[in-house]
Amino acid sequence: MTNVRSGTRQYLALWFPFLCADRLRMQEPDRCAAPAEAAGDGAAGDAPLAFVTKVRNAPRLAAVDARALALGIVPGLTLADARARQPDLVAVGMDESADRHWLDDLARQCMDFSPLVSLARPDGITIDITGVAHLFGSAERLAEAVEDRLAQAGMTLRRAIAATADAAQALARHACASDDADERTAIRALPVEALGLDPLATVGLQRAGLKTVGDVAVRPAASIAARFGAGAVAALHGLTGDAGGSAPRPLVTLAPRVPLRFERRFAEPVTHQDTIARTLLDLLHEAAAALAGRALGGRGFRLMLFRSDGAKRRLDIATSAPTRDPALVLRLFDERIATLADPLDPGFGYDSMTLTVRVAEPLEALQPALDCGGSGEAGPDADAVLAELIDRLSTRLGPDCLRRLAPRASHIPEQGQLALPAIHGGAPLRWPAPPPGEPPMRPLFLFDPPQPVEVIAAVPDGPPHRFRWRRKSHEVRLYEGPERIAAEWWKHRGGEHDGKGSLTRDYYRIEDVRGRRYWLFRHGLYDEKPDPRWYLHGLFA
């Protein structure tokens with residue numbers, strides 16, 4: 001759009017029409033693939049994708065991707081209607097939290113172009129480019145640079161530039177892509193949906209014969225407010241920029257993430273390791289004081305050493321929990337230095353060194369639990385001791401060598417947890433304790449994938465009496481079950497155990513005549529499949 005106004009601000013609006021699908025394809029591409037039996041001869045990645053949520057206990061589409069939209073699958077349809085129109089539709093659960101975090105990360109990337117960035121939830125970003133467009137030659141070139149950056153992140157977007165934030169978002173969402181009219185004309189040609197009113201007010205405007213923003217703009221503001229509320233007039237002023245004497249609506253921008261940085265310069269080049277260690281400890285104490293004043297703790301620290309000949313050396317460490325303990329961070333730097341293949345060489349000495357707190361998180365003052373144990377002294381905090389051990393091992397061995405299990409929102413046993421680097425994960429969860437004398441409901445060890453077994457049962461849908469695993473027969477002495485675990489309801493019916501099917505599972509806790517305990521399941525009911533197979537999923541300790 002061409003901005004015909006002079007002396008006004010400029011806003012760049014970004015709209016991500018397929019935010020959910022783009023995010024899922026970048027983070028979890030396997031979930032976007034169609035099941036093998038549904039993909040047929042076509043590529044699995046070509047299957048249309050939809051995101052499902054429950055509305056009044058009925059699954060409905062909350063978002064779709066570009067291919068589903070081209071096939072007539074739109075948000076608001078029930079899953080049954082969508083599947084009737086397109087049987088190979090891939091449906092996954094809506095993850096609003098992941099989408100919010102993804103949009104936040106995109107907005108942080110946009111702060112490289114302008115310090116004033118605002119979120120237009122749930123799927124938009126507004127950037128105030130006033131005063132920074134000339135750095136790129138023009139506002140259009142800046143917009144192209146932003147689009148290229150986000151395209152590298154796998155995002156599909158539409159953009160527009162206008163004199164107000166509301167107008168820019170409205171043009172990005174509702175203007176025709178081929179419309180090259182000036183800004184004022186394009187705004188007046190927008191449909192009344194661009195005002196962002198509630199559905200009843202929008203329908204009321206349409207029934208009154210007001211189809212476009214221009215139709216509403218020519219009406220007296222008093223009559224519009226009397227019939228459709230003051231919000232309609234405020235929305236109209238936000239699009240057209242005619243504030244009617246009132247101040248424009250302020251843009252709520254993201255606070256910039258300014259890393260804490262501490263520097264020490266030396267009058268003469270320093271070569272002694274003891275002097276460097278003491279200086280680093282002084283910097284860590286300064287950082288601890290600054291973090292305490294902001295109620296923060298550091299999780300990522302970077303030390304830069306600058307030699308007198310111009311060479312630089314960088315050391316990075318991370319912690320599994322926020323900390324302000326200088327001694328702990330110093331020990332981690334020592335561990336990091338000990339693992340260097342190329343030891344630190346001061347050469348003719350270091351001129352300066354800087355310490356940067358790259359990642360900081362809230363850390364309030366805590367009262368540690370006291371464990372006197374009859375000695376009258378406080379015992380160590382178990383969580384703190386574990387966190388320190390994780391930090392030391394991850395620093396020495398590498399962050400990917402030590403992992404911990406993190407919960408995942410899934411009732412499918414093998415999908416209920418993820419193995420993530422321990423230093424990046426949260427606090428470990430306690431394993432639920434079974435009743436005294438009872439085995440746990442879930443085994444500590446799961447096979448991936450589950451091991452196929454041959455089972456003999458008294459009745460087709462009954463518990464196993466004997467099973468054969470790894471060429472050995474096992475007589476069942478005791479069993480408990482079945483524990484029925486239904487498939488993810490948004491997936492297709494049918495399919496074998498390949499992570500893509502949607503058969504019901506009946507789990508049994510089994511004890512054989514030798515006292516060994518197993519976790520078996522039958523994959524499928526007999527009304528789902530004529531010959532369901534059995535699998536051994538885990539072993540109890």
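None of these values were measured; they are calculated from a predicted model.
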For [X], which residues count as a side chain to side chain contact (heavy atoms under 4.5 Å, CB included) partner, sequence neighbours excluded?
X	value
P75	V64
A288	R324, P326
A318	I423
D316	R302, R314, R358

When T504 is tested against each of R484, R522, H523, E528 for side chain to side chain donor-acceptor pair (under 3.5 Å), which residue passes?
E528
Who are the side-chain hydrogen bond (donor to acceptor under 3.5 Å, both in side chains) partners of [X], not counting sequence neighbours?
X	answer
E144	none
Q152	none
T354	none
E96	none

Y479, OH: over 12 other non-hydrogen atoms inside 6.0 angstrom
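No.
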Look at atom CZ of R121 and say whether more than 12 heavy atoms of other residues, nucleotides or ligands are closer to it than 6.0 Å.
yes
I would like to know whether D512 and R517 meet salt bridge (charged side-chain N to carboxylate O under 4.0 Å, His left out); could you show each step before the answer?
CA-CA 7 Å; D512 66 7; R517 293 173 175 175; over 6 Å; no
What pairs of residues pass the ring-ring contact (aromatic ring centres under 6.0 Å, His included) test when at least one of them lies in residues 440-461, not counting sequence neighbours?
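Sorted pair list: F445-F447, F447-W469.
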When you check the side-chain N and O atoms of Y507 and H537, is any donor under 3.5 Å from an acceptor?
yes
In chain order, what residues pass the ring pair (Phe, Tyr, Trp, His ring centres under 6.0 Å) check against F113, with sequence neighbours excluded?
F136
What residues form a ring pair (Phe, Tyr, Trp, His ring centres under 6.0 Å) with F51, not counting sequence neighbours?
none
Do the ring planes of W534 and Y508 sit parallel (below 30°), tilted (30 to 60°) or perpendicular (above 60°)?
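Answer is tilted, since the angle falls between 30° and 60°.
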Hey, are [X] and [Y] close enough for a salt bridge, meaning a charged N less than 4.0 Å from a carboxylate O?
X	Y	value
E511	R516	no
D123	R173	yes
D65	R25	yes

Between Y518 and H474, does the ring centroid distance fall short of 6.0 Å?
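Between H474 and Y518, which both carry aromatic rings, the centre distance is below 6.0 Å.
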Going by the side-chain hydrogen bond (donor to acceptor under 3.5 Å, both in side chains) test, which pairs reach into residues 447-461, not counting sequence neighbours?
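Residue pairs passing side-chain hydrogen bond (donor to acceptor under 3.5 Å, both in side chains), neighbours aside: none found.
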